[in-house]
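Excluded from the calculations below are hydrogen atoms, water molecules and symmetry mates; all remaining heavy atoms, backbone and side chain alike, are included. Computed from a predicted structure; not experimentally measured.
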Amino acid sequence: MILSKFIDELPILPVLKPRRKDHFFTYYKVNMTEFKQSLHSELPNTTVWGYEGSYPGPTIEVESGEKVFIKWSNNLPKKHLLPIDHTVHGAHMDVPEVRTVVHVHGASVESESDGYPEAWFTKGFEQVGPYFRKKVYQYDNIMQACTLWYHDHALGITRLNVYAGLAGFFLVRNQQERSMNLPSGDFEIPLIIQDKSFNKDGSLYYPKQPEKQVSELETSVIPEFIGDTILVNGKVWPYLNVEPRKYRFRLLNGSNTRFYRIKLDSGQLIYQIGTDGGLMEYPIGIKEIKLAPAERVDIIIDFTNLEGRNIIMKNSAPAPFPRGETPNDNTVGEVMKFRVILPLSSVDTSVIPAYMMPLPEIIEQSASKIRYLTLKNNMDQYGRDFMLLDNKRWDDPITEKPELGSTELWYLINLTADTHPIHIHLIDFQILDRRDFDVEKYKKEKIIHYTGPAISPEPQERGLKDTVRANPKQITRIIMKFDGAYKGLYVWHCHILEHEDYEMMRPFIVIG
């Protein structure tokens, strides 16, 4: 089914109003429900899941240091929209089919409010998972101004719940950011980019079987999901009418598996001002931006003097990444269109600052613990590939126990053919370098033999990160400080959701 491009306007996501707000705390109640929504004007309305009756969910905006309480309520039906594989950990027949738990991705938060995958709950909290502790989550928001997002994290069905629509932005603001005179108000627009496929009746298509079918199972987990249409803010290939001025966009890759390599067909520079964890030291002008699943970039696009132009945001990332098919312009090689047709409503006094804030470097020698952690391919009883971190399954004993206040250096040793976006809950980290190594020698002898020089992080990654691309046949080194206020149980995992759901996730515990 071929849908026309750029005939529907980009939805601007609403900002959620709190139920209560005073000097002491802010309180939100957020309902998850099933409803129908128009994702493209040539499609019948699509049944989706969303927060507060919206897919994607409304944007939650908080202030640095603001104490926020959120009651996430599951009002979803008992039957899932999408095919469940009951052989996947956490999704066996002994748990309810529909269960949810919300993770604010990138937040430094107490462990009971982090959205631990086994802290799930059903409609009305009738049934809860073994790690469920509270109905109302507490967010102290000790982070600096940054672009976070919230999404479902239920063990074994995260890929299905997020694909069904359970995702939204969570923005942290502060006075320092406001003082920089960045584009704001109508000229600051969050963009969540996702891929989906549709059935003829407009319903979401998600495969029941991988290409190499498993005849013993009615529904089998697939190695990755690649959709054939691109949606931005819940619309297929939308357009946005803009004024000839500077705009700030917060880009989020909310796809299950698909990577994006974004550029503008006008050839103009994109000015990046922030990474996952907030503003960078100074902006950079770049022609293209890579975005793995869950990565965010904070950018400014300058449409000044481009009156009457149409500018298309393009995508050239192979899928699966990095060895899959390169997209073509007829399909997923295009993301959305900017139409510079609105008159200037006021003089554009916003700026791209020359300098934003200091970014203290974490010194490699300060690490008190070095961990060597493999990303490895395995085969299950049905002949399906599944990936493991450090060659351990989800239920194996916890081996990563960082101490509060300590600095750790992790070597992510990728023995697979995929790039894996590795996300660590609770903390931000800095990327030190990537380096080619002899994979076969490591597999046979467990010896690291480098075959090339250390490669510095890309300019777009030189900031605080919570998700890193660990490339095939490379060792990616990241350094992090567990200096927040929180101890307890968290997780780290691959953010290709099909990998995360099928064993590529591990718990860790911060001890004090």
Side-chain angles (χ1 to χ4, degrees), residues 10-14 16 30 32 37 39-40 46 48-52 54-60 81-82 100 102-107 115 146-154 157-171 189-198 204 206 224-238 249-262 274-276 289-299 313 315 317 319-321 332 335-336 419-423 465-467 469 493-501:
L10 175 85
I12 304 299
L13 303 174
L16 188 64
V30 183
M32 296 168 240
Q37 187 170 310
L39 306 187
H40 191 279
T46 303
V48 292
W49 290 0
Y51 299 100
E52 289 298 294
S54 167
Y55 156 67
T59 299
I60 296 172
L81 261 185
L82 302 166
T100 57
V102 182
H103 168 56
V104 175
H105 180 119
C146 54
T147 307
L148 309 183
W149 64 302
Y150 62 96
H151 63 81
D152 191 75
H153 217 298
I157 55 169
T158 295
R159 70 196 185 284
L160 306 176
N161 289 356
V162 172
Y163 185 71
L166 294 176
F169 277 99
F170 189 104
L171 305 182
I189 302 173
L191 302 174
I192 175 169
I193 307 172
Q194 296 172 304
D195 60 334
K196 298 194 187 297
S197 295
F198 297 97
L204 291 174
Y206 189 92
E224 60 261 320
F225 171 80
I226 305 292
D228 58 13
T229 58
I230 305 291
L231 294 84
V232 187
N233 291 0
K235 273 289 183 210
V236 175
W237 289 307
F249 297 102
R250 298 171 186 254
L251 265 56
L252 155 65
N253 181 349
S255 287
N256 284 29
T257 294
R258 186 183 286 282
F259 287 60
Y260 297 93
R261 192 158 55 208
I262 298 292
T275 53
D276 300 335
I289 286 175
K290 278 197 206 90
L291 276 180
E295 283 191 301
R296 287 92 63 213
V297 288
D298 198 342
I299 63 170
M313 182 188 283
N315 163 44
F321 194 85
V332 292
V335 177
M336 64 177 290
T419 294
H420 297 278
I422 299 297
H423 170 48
K465 295 284 293 168
D466 56 48
T467 306
R469 298 190 305 274
H493 57 88
C494 175
H495 221 287
I496 291 175
L497 299 184
E498 282 71 22
H499 294 179
E500 169 187 337
D501 269 348

Side chain Gln37, main chain Tyr55, donor-acceptor under 3.5 Å: yes
Closest non-hydrogen atom pair, Thr467 against His105: OG1-NE2, 3.2 Å
Minimum side-chain heavy-atom gap His493-His153 below 4.5 Å: yes
Closest heavy-atom pair and its distance - Thr419, Pro421: O-CD, 3.8 Å
4.5 Å side-chain heavy-atom contact, Pro238 and Asn233: no
Rounded distance [0.5 Å steps], CD1 in Ile422 versus CD1 in Ile496: 8.5 Å
Short side-chain to backbone donor-acceptor contact, Asp501 and Arg159, under 3.5 Å: yes
Sub-4.5 Å side-chain heavy-atom contact between His495 and His420: no
Test side-chain hydrogen bond (donor to acceptor under 3.5 Å, both in side chains) applied to Asn256 and Glu224, step by step: CA-CA 8 Å; Asn256 284 29; Glu224 60 261 320; over 6 Å; no
Donor-acceptor contact present, side-chain Ser255 to main-chain Pro293, <3.5 Å: no
For Phe198 against Leu204, the heavy-atom pair lying closest together: CE2-CD2, 3.9 Å
Any side-chain heavy-atom pair of Asp298 and Arg296 under 4.5 Å: no
Value rounded to 0.5 Å, distance of CG in Leu171 from CD1 in Ile60: 9.5 Å
Side-chain (Thr257) to main-chain (Phe225) donor-acceptor, under 3.5 angstrom: yes
Pairwise distance CG(Leu231) to CG(Leu191) - rounded to 0.5 angstrom: 12.5 Å
Met313 and Ile262: CA distance, side-chain angles, deciding distance, side chain to side chain contact (heavy atoms under 4.5 Å, CB included) verdict: CA-CA 7 Å; Met313 182 188 283; Ile262 298 292; 3.6 Å; yes
Heavy-atom check, side chain of Val335 versus side chain of Val232, under 4.5 Å: yes
Phe259 side chain reached by Leu291 side chain, heavy atoms, under 4.5 Å: no
Check: Asp466 main-chain N/O paired with Asp276 side-chain donor or acceptor under 3.5 Å: yes
Heavy-atom pair with the smallest gap, counting every atom of Ala292 and Arg469: CB-CG, 3.7 Å
Test log, rule side chain to side chain contact (heavy atoms under 4.5 Å, CB included), inputs His40 and Lys235: CA-CA 6 Å; His40 191 279; Lys235 273 289 183 210; 5.9 Å; no
Distance in Å, Leu16 CG paired with Phe170 CZ, rounded so as to fall on 0.5 Å steps: 10.5 Å
Spatial distance of atom CE (Met32) from atom OG1 (Thr100) [nearest 0.5 Å]: 3.5 Å
Parallel, tilted or perpendicular: rings of Tyr150 and Tyr51 (30°, 60°): perpendicular
Main-chain N/O of Tyr163 paired with Lys196 side-chain donor or acceptor, under 3.5 Å: yes
Short side-chain to backbone donor-acceptor contact, Asp152 and Val162, under 3.5 Å: no
Nearest-0.5 Å distance that lies between atom OH in Tyr260 and atom CG in Leu251: 10.5 Å
Side-chain touch Trp149/Thr59, heavy atoms, less than 4.5 angstrom: no
Partner residues of Pro56 under the side-chain contact (heavy atoms from CB on, under 4.5 Å) criterion, sequence neighbours left out: Leu13, Ile192
Partner residues of Val332 under the side-chain contact (heavy atoms from CB on, under 4.5 Å) criterion, sequence neighbours left out: Ile230, Arg258, Pro327
Sole candidate of Lys465, His423, Lys290 that passes side chain to side chain donor-acceptor pair (under 3.5 Å) when paired with Glu295: Lys465
Polar side-chain atom of Asn315 near backbone of Arg261 as donor-acceptor pair, under 3.5 Å: yes
Note, Ile299 side chain near Ile289 side chain (heavy atom, < 4.5 Å): yes
